[in-house]
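Below, chains carry the letters A, B, ... as their sequence lines are ordered, and counting in each starts from 1. Just so it is clear, the model here is predicted, and its values are computed rather than measured.
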Amino acid sequence: MSDAPRSNFIREIVEEHLRTGRFGGKVVTRFPPEPNGYLHIGHAKAICIDFGLARDYGGRCHLRFDDTNPTKESQEYVDAIMNDVRWLGFDWGEHLHHASDYFEQLYEWAEQLIKSGKAYVDDQTVEEMRESRGTLTEAGRPSPHRDRSVEENLELFRRMRAGEFPDGSKTLRAKIDMTSGNINLRDPVMYRIRKTPHQRTGDAWRIYPMYDWAHGQSDSIEGVTHSICTLEYEDHRPLYDWYLDALGIFHPQQIEFARLNLSHTVMSKRKLLQLVEGGFVSGWDDPRMPTLAGLRRRGYTPESIRDFCERIGVAKADNVVELALLEHCIREDLNTRAQRRMAVLRPLKLVITNYPEGKVEQLDAVNNPEDPSAGTRKVPFGRELWIEQDDFKEVAPKKYFRLTLGAEVRLRYGYIVKCTDFSVGPDGRVTEVRCTYDPATVGGDSGGRTVKGTLHWVSAAHAVESEVRLYETLFATPKPDDEEDFKAALNPNSLSVLRGARLEPSLKDAAPGSRFQFERNGYFCVDPRDSAPGRLVFNRTVGLRDTWAKIERAG
RNA sequence: UGGGGCGUGGCCAAGUGGCAAGGCGCGGGACUUUGGAUCCCGUAUUCGGAGGUUCGAAUCCUCCCGCCCCAACCA
């Protein structure tokens, strides 16, 4: 794993502030999710930046829910988000906040702006407002209600709060500049009427603040010094600054960075929601999803995700990080931590014809060659074994080191066997392979000869059956966002379910969520949702690097 | 054609006037009872392009090209 956090342009800005004393030497950040969906790995990048800044500069980071739109938000999402942030390894301490905590203060400040002539109540419909806002190249025109008196605005705004007007009939707008090239400054809406109960404030409010009006002021109230957000908010910074200046309150610094895009997946909550609601995946925690819940269920560790976030860097250029980097991070982490086991995914019977019937040996197997302290375990060996279908071929391709008629291979921790015969079923598929073993080669010792292939195996008499789920990328193309309809790029082979896998008996009571390396097959995790005692289900987190596959592909 | 950003190898990304870090990937080799891991070696005469300033430019200036974001009572 990488060492100390690398510097980046945000850290340079913070360090400069620390040097000049801009915020009195303090660093306060916040992670501000809207509870309208699950967190994904793009959020993990933001979380690592926000909490990492606080950690490394002796500050603190708040978790603040941006809950200003009750029509899209829910408690389920709030709970999931808190769970995911904690799982990733971060702690907001006492600082769990909600924009809704500040609704009353925000309301008071809105009246203050009305009184100073900087906000007014507008009666225009959505369509009228859109029409008068102008376009990218044409200036907007003032609303006919832009010059109402302070008294009238105040009275109307109080009646909006009191619920006297129907949804959508009025808004409170900041009076800024309808001709600005920055459309955010063309009298942005501050409040809209929504007679929708809020998950935290119930029916206390009929008007709800817009993001721009709530966000900066919430930062200010909390004493946030550095408000880190993504690039699309760059145009909002002048408005962020305008509100704070108009109110004359503590003024944090907003800094924007480029959001993470990952190849072969989508990252927008809108699209992820479509996948969930359309039944294209089994839920927000489907192991194919880029959500933290999905990655966790897939077997990813929080450490590997943090390492990934560290390696991708922080900059302002649009980017699409290759999935291969994420996979590298989890392999590297699990290589040193996951215990090794033998599991045969697609079983083929192997019979050792000169091995005594009924004999069982308990062989010693190393739990983790990367970690001697992980010790060893016993694995039963017998006359009939399961091996991988791919490990036998009637006609061996070039450089194929596995079993074929007359060839010798080593059975991991066992003996060297030589293929003498095999049977083929009516469909032409190999149904059984027969070998003889050399009793002098216990423990896999090659006894001086050159044996290039080593196969994993499971004793047929002791095998535990399991379901194993293998995954490919959710999308068949690297950039599904570039597609007309991103769903058309979905990979039909993203999930394969193998029902007859055979595991070595030590796996029988594997705990939900526990991770192993199935030798030569990859890293696997006991599915925390679908696995049950007596009915094991494993998810493949990621395969091992496979140089044989490359050789095959090259032909 | 308004405003705001961004362009360094296949993908990220350092670099802040002194002669192109690093990671992933890819290719080759060593080693190996996981075709895993580990270890070596290689992989941008060039920084979107063209001019200019300078002894010297990815870094400064000018012009041009390309890409992204903004016209929700979403965040």
Could you measure the distance from the [atom1] atom of [X] to the [atom2] atom of [Y]? Nearest 0.5 Å is fine.
| X | Y | atom1 | atom2 | value |
| --- | --- | --- | --- | --- |
| F165(A) | I193(A) | CZ | CD1 | 7.0 Å |
| E15(A) | T20(A) | CD | OG1 | 12.0 Å |
| M342(A) | Q517(A) | CE | CD | 12.0 Å |
| K170(A) | D122(A) | NZ | CG | 9.0 Å |
| S74(A) | Q199(A) | OG | CD | 7.0 Å |

Discussion item. By nearest heavy atom, map L411(A) and S180(A) onto RNA chain B; which one lands nearer the 5' end?
Written reply: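 The residue closer to the strand's 5' end, by nearest nucleotide, is S180(A).
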
Discussion item. Quick check: on RNA chain B, is the nucleotide nearest R237(A) upstream (toward 5') of the one nearest A549(A), or the reverse? Name the residue that is more 5'.
Written reply: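 Closest to the 5' end, via its nearest nucleotide, is R237(A).
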
Can you tell me how far [atom2] of [N] sits from [atom1] of [X], to the nearest Å?
| X | N | atom1 | atom2 | value |
| --- | --- | --- | --- | --- |
| R412(A) | rA37(B) | CZ | C1' | 11 Å |
| N8(A) | rA21(B) | CG | C1' | 16 Å |
| L544(A) | rA37(B) | CG | P | 7 Å |
| Y413(A) | rU34(B) | OH | C1' | 8 Å |
| H264(A) | rC12(B) | NE2 | C1' | 15 Å |
| L323(A) | rG25(B) | CG | P | 11 Å |
| K45(A) | rC12(B) | NZ | P | 11 Å |
| E15(A) | rU16(B) | CD | P | 16 Å |

[atom1] gap between [N] and [M], integer Å:
| N | M | atom1 | answer |
| --- | --- | --- | --- |
| rA13(B) | rA50(B) | P | 24 Å |
| rC47(B) | rU59(B) | C1' | 10 Å |
| rU54(B) | rC61(B) | C1' | 12 Å |
| rU45(B) | rG3(B) | P | 37 Å |
| rA44(B) | rG5(B) | P | 34 Å |
| rG49(B) | rA57(B) | C1' | 16 Å |
| rG22(B) | rC39(B) | P | 15 Å |
| rG36(B) | rA21(B) | C1' | 30 Å |

Once you apply the 3.5 Å cut-off to both distances, tell me the Watson-Crick or G-U wobble partner of [N], or none.
| N | answer |
| --- | --- |
| rC55(B) | rG18(B) |
| rG42(B) | rC26(B) |
| rC6(B) | rG66(B) |

Discussion item. Is it the case that rG36(B) (base atoms only) and E519(A) (side chain only) share a donor and an acceptor within less than 3.5 Å, ignoring hydrogens and angles?
Written reply: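 Such a pair does not exist between side chain and base.
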
In terms of side-chain heavy atoms of [X], which of [options] is nearest?
| X | options | value |
| --- | --- | --- |
| I312(A) | rG2(B), rA13(B), rC12(B) | rC12(B) |
| A317(A) | rG15(B), rG36(B), rA13(B) | rA13(B) |
| E370(A) | rC24(B), rG36(B), rA13(B) | rG36(B) |

Fill in: rA72(B) glycosidic torsion: syn (within 90° of 0) vs anti
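Syn, since the glycosidic angle lies within 90° of 0.
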
Less than 4.0 angstrom between a side-chain N/O of [X] and OP1 or OP2 of [N], yes or no?
| X | N | value |
| --- | --- | --- |
| R545(A) | rA37(B) | yes |
| H328(A) | rC24(B) | yes |
| K452(A) | rU32(B) | no |

Worksheet item: E408(A) and salt bridge (charged side-chain N to carboxylate O under 4.0 Å, His left out): which partner among K418(A), K452(A), R449(A), R402(A)?
Response: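 Option passing the salt bridge (charged side-chain N to carboxylate O under 4.0 Å, His left out) with E408(A): R449(A).
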
Using a 4.0 Å heavy-atom cut-off across all strands, classify [X] as base, sugar-phosphate, or nothing.
| X | result |
| --- | --- |
| V320(A) | sugar-phosphate |
| R331(A) | nothing |
| F65(A) | nothing |
| V314(A) | sugar-phosphate |
| Q517(A) | base |
| K550(A) | sugar-phosphate |
| Y208(A) | nothing |
| P238(A) | nothing |
| R186(A) | nothing |

Worksheet item: Is any side-chain N of the basic residue among R346(A) and D390(A) closer than 4.0 Å to the acidic one's carboxylate O?
Response: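 So R346(A) does not pair with D390(A) through a salt bridge.
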
Fill in: Contact letters for nucleotides 65-75 of chain B, in which S counts primed atoms plus P, OP1 and OP2 and B counts the base, heavy atoms under 4.0 Å
---SBBBSBSB

Practice prompt. Would you please classify the geometry between the F475(A) ring and the F486(A) ring as parallel, tilted or perpendicular, with 30° and 60° separating the classes?
Written response: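 Because their plane-to-plane angle lies in the 30° to 60° range, the rings of F486(A) and F475(A) count as tilted.
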
Worksheet item: Does the side chain of H456(A) come under 3.5 Å of the side chain of R340(A) through a donor N or O and an acceptor N or O?
Response: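 Per modelled atom types, H456(A) and R340(A) side chains form no pair under 3.5 Å.
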
Worksheet item: Tell me, do N69(A) and M210(A) make a side-chain contact under 4.5 Å, heavy atoms counted?
Response: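 Of all side-chain heavy-atom pairs linking M210(A) with N69(A), none is under 4.5 Å.
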
Worksheet item: Should the heavy atoms of other residues, nucleotides or ligands under 6.0 Å from NZ of K271(A) be counted, would the total exceed 12?
Response: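 Enclosed: over 12 neighbouring heavy atoms sit under 6.0 Å from NZ of K271(A).
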
